[in-house]
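As structure tokens, the structure follows; a few thoughts come after it.
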Amino acid sequence: MRNTWLIAWKEIRGYFTSPMAYVVGFIFVGLTGYFFVRSVDSALSGPNFPEASLRHLFSQMSIFIIPWLAPVLTMRMLAEEQKIGTLELLLTAPVRDWEVVMGKFVASMTFFLGALALTLWYVLMLSWRGNPDPGTLASGYLGIILYGSTAIAIGLLASSFTSNQIVSAVVSLGILVLLTFLEVGADQVGGVASTVVAQLGITTHFGDFVRGVIDSSNVVYYLSVTGVFLFLTVRNLETRRWR
């Protein structure tokens, strides 16, 4: 685990010494602030009465923010290492492939959690002017964290396939968009197939968290998908030893 933390610390420092991290953070805060204002401003919320809740914000994050945030956070993780030739050096060092992947994953999750922590300001604002349900807020944040971990794992797999950061971002974005809209596609088929397709969708399992319900099956889904994509990333790195 020591190697994992060393790799994670190296990547975290890389994030915060790059202007890109601050640009991404600024955009993230701007978008979440926009969706938050729309959800609580009666002039913008339309016929829906504004409520002391972050349900609308969490829903918009799952559809419009995380699908582009995760590819941006992970596109350089392994792709850049391949481009400049340091991945081969890293793989020949006394470090296991899973330690490399987990180090990159921990670093990306750390940045994501740091950005997500900035939204706690909205919770303080709701508490000041209203009476939000702490249980619903907690389940919503749990859902976003699980959703984000899955998206980051997908981004790492895409980054392991190419040395081009743009290609990595596009591939991971494409996978996330596909998984996001599987629930919509399920409406076009019937029977058992419709249920299977819907259950594979990444947003299908998110709605309960927003409503304040923590269902173990949804937690297992996100942890399982995250584990599968991290496993595939490790296996993809292992194949490079034989090329």
Side-chain angles (χ1 to χ4, degrees), residues 5 8-45 50-77 103-156 159 169 172-173 176 180 202-203 206-212 214 219 222 226:
W5 294 117
W9 177 242
K10 169 183 172 294
E11 295 297 339
I12 291 171
R13 285 188 301 173
Y15 273 131
F16 291 99
T17 56
S18 168
M20 179 60 70
Y22 299 96
V23 172
V24 171
F26 178 80
I27 295 175
F28 177 82
V29 171
L31 288 175
T32 55
Y34 169 76
F35 289 126
F36 173 72
V37 170
R38 285 195 63 90
S39 66
V40 298
D41 192 325
S42 58
L44 297 175
S45 58
E51 59 180 349
S53 170
L54 294 182
R55 294 180 185 179
H56 179 74
L57 173 60
F58 290 143
S59 298
Q60 298 304 311
M61 285 179 65
S62 67
I63 298 175
F64 297 109
I65 298 181
I66 293 181
W68 70 261
L69 178 64
V72 171
L73 292 181
T74 57
M75 66 181 184
R76 56 171 287 276
M77 282 297 181
K104 306 281 188 180
F105 177 75
V106 169
S108 298
M109 281 299 296
T110 299
F111 185 93
F112 172 69
L113 292 175
L116 187 63
L118 297 176
T119 64
L120 293 175
W121 170 247
Y122 307 142
V123 177
L124 294 177
M125 295 178 65
L126 288 177
S127 300
W128 177 46
R129 301 301 298 263
N131 186 29
D133 181 3
T136 301
L137 290 174
S139 67
Y141 272 107
L142 175 61
I144 283 292
I145 292 172
L146 292 172
Y147 192 107
S149 68
T150 300
I152 287 173
I154 292 172
L156 284 176
S159 185
S172 57
L173 176 62
L176 286 169
T180 298
I202 194 171
T203 55
F206 185 72
D208 285 342
F209 290 102
V210 176
R211 291 188 290 269
I214 300 179
V219 176
Y222 285 115
T226 300

[Y] side chain reached by [X] side chain, heavy atoms, under 4.5 Å:
X: Thr180; Y: Phe64; value: no
X: Ile65; Y: Gln60; value: no
X: Trp68; Y: Leu31; value: yes
X: Ser149; Y: Ile145; value: no
X: Leu146; Y: Phe206; value: no

Between [atom1] of [X] and [atom2] of [Y], what distance do you get to the nearest 0.5 Å?
X: Arg55; Y: Ser139; atom1: CZ; atom2: OG; answer: 8.5 Å
X: Leu54; Y: Tyr141; atom1: CG; atom2: OH; answer: 5.5 Å
X: Met77; Y: Ile152; atom1: CE; atom2: CD1; answer: 8.5 Å
X: Thr110; Y: Trp9; atom1: OG1; atom2: CH2; answer: 10.0 Å
X: Ile144; Y: Leu113; atom1: CD1; atom2: CG; answer: 11.5 Å
X: Leu124; Y: Thr119; atom1: CG; atom2: OG1; answer: 10.0 Å

Next item on the list: Determine, stepwise, if the pair Met61 / Phe28 fulfils side chain to side chain contact (heavy atoms under 4.5 Å, CB included).
Entry: CA-CA 10 Å; Met61 285 179 65; Phe28 177 82; 3.9 Å; yes
Notebook entry, point to check: Between Phe36 and Leu126, does a side chain to side chain contact (heavy atoms under 4.5 Å, CB included) hold up when you go through it step by step?
Noted result: CA-CA 10 Å; Phe36 173 72; Leu126 288 177; 3.9 Å; yes
Next item on the list: Measure across Phe209 and Val219 and return the closest heavy-atom pair with its distance rounded to 0.1 Å.
Entry: CZ-CG2, 3.9 Å
Next item on the list: Mind listing the closest non-hydrogen atom pair of Leu73 and Tyr15 along with its distance?
Entry: O-OH, 2.5 Å
Note to self: Determine whether Tyr147 and Thr203 satisfy the following criterion, side chain to side chain donor-acceptor pair (under 3.5 Å), listing intermediate values before the conclusion.
What the structure shows: CA-CA 8 Å; Tyr147 192 107; Thr203 55; 5.9 Å; no
Looking only at atom types and distance, does a side-chain atom of [X] sit under 3.5 Å from a main-chain N or O of [Y], one as donor and one as acceptor?
X: Thr74; Y: Ala70; result: yes
X: Ser172; Y: Ala169; result: yes
X: Ser159; Y: Gly155; result: no

Next item on the list: May I have the step-by-step check of side chain to side chain contact (heavy atoms under 4.5 Å, CB included) for Lys104 and Arg76, ending in yes or no?
Entry: CA-CA 10 Å; Lys104 306 281 188 180; Arg76 56 171 287 276; over 6 Å; no
Notebook entry, point to check: Can we call the ring centroids of Phe111 and Phe16 under 6.0 Å apart?
Noted result: yes
Checklist line | Single hit among Ile66, Ile202, Leu176 for side chain to side chain contact (heavy atoms under 4.5 Å, CB included) with Thr150 | finding: Ile202
